[in-house]
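Every number for a ligand or one of its atoms is a count from 1 in the order of the listing. Fair warning: this is a prediction, and the values are worked out from it, not measured in the lab.
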Amino acid sequence: MTIRTTDGRGRLFASVLDTVGDTPCIRINRIAPKHVTVYVKAEAFNPAASVKDRLALNIIEAAERDGRLKPGQTVVEATSGNTGIGLAMVCAAKGYPLVVTMADSFSIERRRLMRFLGAKVVLTPRAEKAMGMYNKAKELAEQNGWFLARQFETKDNADIHENTTAREILGDFEGERLDYFVTGYGTGGTLAGVGRVLRKERPGTKIICSEPANAALVSSGTPQERVGEDAAKGHPAWQPHSIQGWTPDFIPYVLQEAIDGGYYDQMIPIPGPDGIAWSKRLAAEEGIFCGISAGATFACAMKVAETAPEGSVMLVMLPDTGERYLSSPLFEGIPEDMTEEERAISLSTPTAQMAAE
Ligand code: PMP
């Protein structure tokens, strides 16, 4: 084997913002069944380590272009974390103040990360669910004349996935087989944007979407009540679930395009614990460090693989890094102190044996 070398990216970057996107599709070598080839699109390679960097950048730049966002104006948004972290990165780089509203049920790391990136975080009670943080952001924007990012409704969300995520997939799989594209949804931006393109340019690719088993809003068949583009109230099929970043307690307007347009071939419910189990396996057996929704999307892919024809090629979206889940159920059971086994390893050297005598 020759020694590995690298050549740089062949360009200099004028801003961290120019490093958003172009995330790698990586083959899974150990944990997938042998009759399928599975690639993951690892969105943790974005500068603020999630898929939402794309949307954050586009929401700000689209609003700058058409004058909805004024120089120095405060940006406000309701977010379960990754959009806030992405917006905090973009606002820091461009010099906009940012206020994020977030339910107090999401991981502590998320709040601290946003504050570290210079944002203000306003917590809303978990009992008010996603609607609580969403309404608070709207009120703050109206009260203070701030720019509301509206990730759940804005066309700038799916558009950036159409223009970047989907184009990257087409480019990376050019001349290659791609039988299944597997994703989950939070706002639905990834599904709607990638769906638009794959349906046209790779009609042979089946699009598989997943949602939490105990918050299967789309599978329930109950339509979302809306006032204009906004959800009028919480959806009856929603229950608290552990897949942070997936399925708020309403069907977002952005996702509605994918539902109405038939952008997916199957919607598969995934239990939260399956997501956690597969995220752990991706880390410990593939070296691919990702969050709970990534594990849940991979769990969905493994379900599809059970009946997929021999030789099928799948691409699975992994939306973020696992590092922002240290205080969440993902890391439950990961000890801080030495285990029995680790103590035995430590005791196996002569100096440790002497000290013990
Ligand atoms: N996983 C995580 C961890 C997320 O933060 C998000 C976005 N909220 C998603 C998945 C879903 O992405 P999208 O909003 O594009 O549907």
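In this structure, the side chain of Arg150 does not engage the main chain of Ile59 through any donor-acceptor pair within 3.5 Å. Side chain of Glu286 to backbone of Arg30: a donor-acceptor contact under 3.5 angstrom is found. Panel note: side chain Asp265, backbone Ile207; a donor-acceptor pair is recorded below 3.5 Å. The closest donor-acceptor contact from the side chain of Arg343 to the backbone of Met338 lies under 3.5 Å.
When each of Thr23, Thr321, Thr190, Asn82 is checked for a side chain to side chain donor-acceptor pair (under 3.5 Å) with Glu43, only Thr23 meets the rule.
Between Phe147 and Tyr96, the distance from one ring center to the other does not fall under 6.0 angstrom.
Within 4.0 Å of ligand 1, protein heavy atoms come from Lys52, Asn82, Tyr185, Gly186, Thr187, Gly188, Gly189, Thr190, Gln244, Gly245, Trp246, Ser293, Pro319, Asp320, Tyr325.
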